[in-house]
Number of protein chains: 2
Amino acid sequence: MNKRVTIKDIAKMANASVAAVSMSLNNRPGIGDEKRRKIIEIAKKTGYQPSLVAKALVNKRSYLIGLIIKDISDHFFAELAKGVEDTAKKYGYSTILCTTDGNSKTQEDYFDILCSRGVDGIIISTVVAEDSQIAFLIDEKIPFVCINRIPLIPSLKKKAEYIIMDNYSAGYKGIEHLWKLGHDKIAIITGSLNASNARDSLKGSKAALKKSGIKIPKRYIKEGTYSYREACLICERLLKSKNPPTAVFAHDDNMALGAREAILRSGLAIPKDIALMGIDNIKTGALAGIELTTISQKKYEMGAMGVKILVNRIEERVPHMVEKIVLDAELIIRNTCGYQMHGYRR
Amino acid sequence: MNKRVTIKDIAKMANASVAAVSMSLNNRPGIGDEKRRKIIEIAKKTGYQPSLVAKALVNKRSYLIGLIIKDISDHFFAELAKGVEDTAKKYGYSTILCTTDGNSKTQEDYFDILCSRGVDGIIISTVVAEDSQIAFLIDEKIPFVCINRIPLIPSLKKKAEYIIMDNYSAGYKGIEHLWKLGHDKIAIITGSLNASNARDSLKGSKAALKKSGIKIPKRYIKEGTYSYREACLICERLLKSKNPPTAVFAHDDNMALGAREAILRSGLAIPKDIALMGIDNIKTGALAGIELTTISQKKYEMGAMGVKILVNRIEERVPHMVEKIVLDAELIIRNTCGYQMHGYRR
DNA sequence: AATATATACTGAAACGTTTCAGTATATTTA
DNA sequence: TAAATATACTGAAACGTTTCAGTATATATT
């Protein structure tokens with residue numbers, strides 16, 4: 001670090017006290033116009049930039065927020081991160097990027113680091129979000145908001161703020177769509193079932209299955225880990241089995257794309273021979289030649305709203321009440337399920 | 001922020017001086033085994049976490065690095081960011097994410113903020129990287145490394161560390177590949193020509209054109225801004241013109257994808273009717289049904305190497321010399337140029 | 001035994017801010 | 001005109017660390 005000009009230097013130059021400089025620069029009252037003007041001028045001329053670290057130390061406000069996600073190269077998280085960073089910037093906060101790669105230990109380390117760094121708040125959107133870690137945050141009284149997942153333990157859930165999609169309804173709508181298109185041999189690749197969102201989606205799908213009177217064998221439901229490769233493998237095995245499904249509903253677009261690879265490799269055509277559906281609505285899915293039918297997740301908006309809530313919480317501008325936001329699940333019909341070919345059959 | 005346990009509290013409990021606690025915890029010599037043990041034990045028991053902001057203030061080392069990029073939802077930058085964050089984490093640094101959206105003012109603001117925050121170093125990989133801002137960093141003596149772009153002014157270029165792909169060769173190889181496949185009506189969509197990488201690629205392409213004796217009209221070369229939409233529009237116009245190209249070489253995969261949309265919408269088949277080629281090798285390009293022929297950019301590796309260089313610089317473990325790394329451009333042949341159909345024709 | 005040296009430990013200053021309790025001066029009020 | 005009040009300004013403490021100069025005690029050297 002360079003020798004930067006400090007408040008003391010300015011005080012000397014303006015022959016004023018450091019207090020006067022501080023007050024002038026933060027336009028607090030109690031300093032005469034003449035002196036204030038002079039101080040501000042000197043500050044400008046010398047290119048003075050206040051040390052945010054010193055400020056953080058005394059004010060106990062760092063204007064830093066931590067963003068904990070699984071993987072920034074995953075389109076879902078990248079869009080989310082964009083919403084977070086854009087909004088944080090708007091409110092005068094900087095964003096510390098923390099990726100865990102789904103590793104619980106890494107995540108725990110990051111919680112410690114973020115606390116040590118005195119972040120003002122945290123946005124959490126990971127698959128593995130141990131409830132114990134959430135409890136830690138509540139304990140340390142660090143504001144946080146969960147995006148796209150909620151604590152499993154009810155007592156924690158009550159205290160946590162979150163924004164989620166209506167995952168139940170997402171899972172439900174997907175099956176409903178496939179059913180209306182005439183499918184009844186539907187395979188499901190779920191997310192990691194240790195997280196609330198994946199569980200809810202599965203519940204929704206099961207409910208829809210029941211509602212439409214579809215019975216599927218147990219082996220049609222497979223737990224994935226949001227990995228492209230793994231979903232590809234799962235789908236491959238499914239297709240090779242004696243009684244293969246005629247539709248696969250992956251509870252995440254990345255996995256749907258993985259399944260897509262397996263389907264295409266096996267020589268089947270989408271949607272002619274088999275229907276494919278995802279959840280998330282990532283950019284790639286919209287590309288010509290892919291045109292994945294999916295359920296929209298408002299990724300950017302979730303990130304943006306998350307920060308808004310967080311900042312309200314931090315600055316306590318709003319009388320505090322715990323926000324719990326559930327966004328609507330919206331079906332995005334494209335080409336992978338056959339709606340364009342023949343419309344709904346029932 | 002919560003009332004956290006500080007070094008003072010521990011000193012009191014262990015009845016030692018704060019100095020003793022500090023020295024014990026940082027295993028500096030000068031403290032007896034017995035006392036040290038006791039202090040460490042108390043620290044552990046109380047869950048003491050040092051305040052990184054206080055440390056930063058006295059040590060003038062924040063263990064923070066700034067990452068300045070255009071847009072985290074762009075796959076290129078996301079991969080880069082992943083390399084950066086992973087590596088930073090490994091070295092004990094945290095990453096502040098700064099996206100500029102190509103806005104020079106935003107970028108300048110971020111430079112100021114990062115300085116105020118006392119970051120130890122900066123990784124820069126933006127399109128608009130004004131040389132004046134680079135000069136500012138050199139002036140402030142903040143270590144930085146440029147990724148995928150270099151300062152235009154030679155005197156700055158000399159002082160800056162950077163990692164770039166051999167953009168010239170990338171531009172060259174693309175044209176060469178297309179020429180070998182028999183194309184001579186090749187359109188080029190370049191990046192923003194105010195940045196070094198785009199200029200170099202264009203130079204390379206022009207050189208290859210000359211070498212192979214291809215003459216293309218001026219209107220075949222269009223400056224893009226790395227935007228999908230814009231590239232789509234540019235390509236659309238190109239296709240509608242009287243003498244449309246038989247190949248388009250976008251100097252960035254996103255733009256290639258944009259061009260792809262225009263091509264497909266116009267009813268042309270890739271690669272049967274027209275060849276398409278990009279630069280970057282983003283994940284999406286590898287998907288079945290897209291299979292974009294491209295030139296590989298080692299995005300993750302560039303990020304990782306960038307941090308490595310930066311940390312060496314910060315910690316001055318290595319006798320200082322300015323690193324300038326140029327990575328090889330590697331042609332990735334997939335399906336959009338017709339190599340699989342008929343191989344090289346000349 | 002006297003001196004030199006090593007070891008264990010402490011108090012206080014420093015990092016760059018903000019804020020609080022005071023002080024001095026100017027202005028208003030009665 | 002005296003008292004009350006408002007305004008301008010300052011010194012010092014505080015935030016949570018590290019480090020430096022000392023001090024006290026123990027050990028080694030002659």
Side-chain angles (χ1 to χ4, degrees), chain A residues 1-40 42-43 46-64 112-113 115-120 140, chain B residues 1-40 42-43 46-64 112-113 115-120 140:
Chain A
M1 240 186 273
N2 205 1
K3 201 88 234 100
R4 309 188 58 194
V5 15
T6 75
I7 220 173
K8 270 185 208 164
D9 301 329
I10 295 182
K12 214 166 286 172
M13 293 188 231
N15 62 334
S17 65
V18 287
V21 178
S22 174
M23 293 162 93
S24 298
L25 262 21
N26 293 292
N27 39 312
R28 299 234 179 298
I31 303 294
D33 287 351
E34 171 60 13
K35 186 155 238 170
R36 182 181 301 256
R37 218 192 32 69
K38 188 173 172 191
I39 286 173
I40 291 176
I42 292 181
T46 54
Y48 168 75
Q49 289 281 128
S51 156
L52 292 182
V53 358
K55 280 196 184 213
L57 187 59
V58 3
N59 295 334
K60 297 188 163 324
R61 291 281 270 91
S62 61
Y63 288 90
L64 232 31
D112 283 344
I113 292 172
C115 291
S116 284
R117 290 206 180 278
V119 297
D120 293 334
E140 294 269 329
Chain B
M1 243 188 271
N2 205 1
K3 198 93 229 99
R4 310 189 56 195
V5 14
T6 75
I7 220 173
K8 271 186 208 164
D9 301 329
I10 295 182
K12 214 166 284 171
M13 293 186 230
N15 62 335
S17 65
V18 287
V21 177
S22 174
M23 292 162 92
S24 297
L25 263 22
N26 293 292
N27 39 311
R28 298 234 180 300
I31 302 294
D33 287 351
E34 171 60 14
K35 187 154 238 172
R36 181 181 301 254
R37 220 191 31 68
K38 189 173 175 192
I39 287 174
I40 291 175
I42 293 180
T46 54
Y48 167 74
Q49 291 279 130
S51 158
L52 291 183
V53 358
K55 280 195 184 215
L57 187 58
V58 4
N59 294 333
K60 298 190 163 325
R61 291 281 271 94
S62 61
Y63 288 89
L64 231 33
D112 283 344
I113 292 172
C115 291
S116 285
R117 292 206 179 278
V119 298
D120 294 335
E140 294 269 329

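In what follows, every chain begins at residue 1, and chains take the letters A, B, ... in the order their sequences are listed.
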Q: In whole Å, what is the span from the CG atom of Asp9(B) to the C1' atom of dA14(D)?
A: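 Roughly 15 Å, once rounded to whole Å.
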Q: Taking 4.0 Å as the cut-off, does a side-chain nitrogen or oxygen of Ser22(B) come that near to OP1 or OP2 on dT18(D)?
A: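 For dT18(D), OP1 or OP2 has a side-chain N or O of Ser22(B) closer than 4.0 Å.
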Q: Can you check the Arg61(B) CZ to dG16(D) P distance for me, whole Å?
A: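 In whole Å, dG16(D) P lies 23 Å from Arg61(B) CZ.
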Q: Taking only side-chain N and O atoms of Lys60(A), does any of them lie within less than 4.0 angstrom of OP1 or OP2 on dG16(D)?
A: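 Yes, because at least one side-chain N or O of Lys60(A) sits under 4.0 Å from OP1 or OP2 of dG16(D).
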Q: Arg36(A) CZ to dT7(D) P: how many Å, rounded?
A: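 After rounding, the reported distance stands at 13 Å.
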Q: Would you mind telling me which of Thr6(B), Val5(B), Asp9(B) makes a side-chain contact (heavy atoms from CB on, under 4.5 Å) with Thr46(B)?
A: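 It is Val5(B), the one option of Thr6(B), Val5(B), Asp9(B) that forms the side-chain contact (heavy atoms from CB on, under 4.5 Å) with Thr46(B).
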Q: Would you say Ser17(B) places a side-chain N or O within less than 4.0 Å of OP1 or OP2 belonging to dT10(C)?
A: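 The answer is yes; a side-chain N or O of Ser17(B) sits under 4.0 Å from OP1 or OP2.
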Q: Is any side-chain nitrogen or oxygen of Arg28(B) closer than 4.0 Å to OP1 or OP2 of dT19(D)?
A: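 Yes, within the criterion.
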Q: 5'-most contact on DNA chain C: Leu57(B) or Asn15(B), nearest heavy atom basis?
A: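 Nearest nucleotide further toward 5': that of Asn15(B).
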Q: Step through the shown structure and confirm whether more than 12 heavy atoms of other residues, nucleotides or ligands are within 6.0 Å of CG on Asp33(A).
A: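 Result for CG/Asp33(A): open.
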Q: When you match Ala54(B) and Lys35(B) each to their closest nucleotide on DNA chain C, which lands nearer the 5' end?
A: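 Closer to the 5' end of DNA chain C: Lys35(B).
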Q: OP1 or OP2 of dG16(D) less than 4.0 angstrom from a side-chain nitrogen or oxygen of Ser51(B), does that happen here?
A: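 False: Ser51(B) side-chain N/O out of range (4.0 Å or more) of dG16(D) OP1/OP2.
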Q: How is Gly30(A) classified with respect to the nucleic acid when contacts are heavy atoms under 4.0 Å: base, sugar-phosphate, or nothing?
A: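 Base contact - Gly30(A) has a heavy atom under 4.0 Å of at least one base atom.
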Q: Would you mind reading off the distance between Ile10(B) atom CD1 and dG16(D) atom P, rounded to a whole angstrom?
A: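 Answer to the nearest Å: 12 Å.
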Q: Under a 3.5 Å distance rule, please check whether Ser62(B) uses its side chain to pair with a backbone N or O of Gly118(B) as donor and acceptor.
A: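 Yes; judged by distance alone, with no hydrogens or angles, the pair exists.
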Q: With respect to the side chain of Ile31(A), which nucleotide from dC9(D), dA12(C), dT17(C) is positioned closest?
A: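 Nearest to the side chain of Ile31(A) among the choices is dC9(D).
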Q: In whole Å, what is the span from the CG atom of Asp33(B) to the P atom of dA8(C)?
A: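 Distance, rounded to whole Å: 7 Å.
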Q: Between Arg4(A) (side chain only) and Cys115(B) (backbone N and O only), is there a donor and an acceptor less than 3.5 Å apart?
A: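 Flag set: sc Arg4(A) to bb Cys115(B) pair under 3.5 Å.
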Q: Rounded to whole Å, please give me the gap between NZ in Lys38(B) and C1' in dC9(C).
A: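 Computing the Lys38(B):NZ to dC9(C):C1' distance gives 14 Å.
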Q: Is any side-chain N or O of Lys8(B) closer than 4.0 Å to OP1 or OP2 of dC15(D)?
A: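 For dC15(D), OP1 or OP2 has a side-chain N or O of Lys8(B) closer than 4.0 Å.
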Q: Heavy atoms only, 4.0 Å cut-off, all strands: where does Pro29(A) land among base, sugar-phosphate and nothing?
A: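 Contact class for Pro29(A): none.
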Q: Using a 4.5 Å cut-off on heavy atoms from C-beta on, say whether the side chain of Lys12(B) contacts that of Ile42(B).
A: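 A side-chain contact under 4.5 Å is absent here.
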Q: Donor-acceptor check, side chain of Arg28(A) to backbone of Ser22(A), threshold 3.5 angstrom: yes or no?
A: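 Checked: no pair found.
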Q: Verify the contact: side-chain N or O of Asn59(A) to OP1 or OP2 of dT17(C), cut-off strictly under 4.0 Å; return yes or no.
A: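 The answer is no; no side-chain N or O of Asn59(A) sits under 4.0 Å from OP1 or OP2.
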Q: Calculate the interatomic distance between Ile7(A) atom CD1 and dG11(D) atom P; express it in whole Å.
A: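 My rounded result for the distance is 14 Å.
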Q: Nearest-Å distance, CE (Met23(B)) to C1' (dT7(C))?
A: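 In whole Å, dT7(C) C1' and Met23(B) CE are 11 Å from each other.
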Q: Would you indicate which nucleotide in dT19(C), dT19(D), dC15(C) comes nearest to any side-chain atom of Ala19(A)?
A: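 That would be dT19(C).
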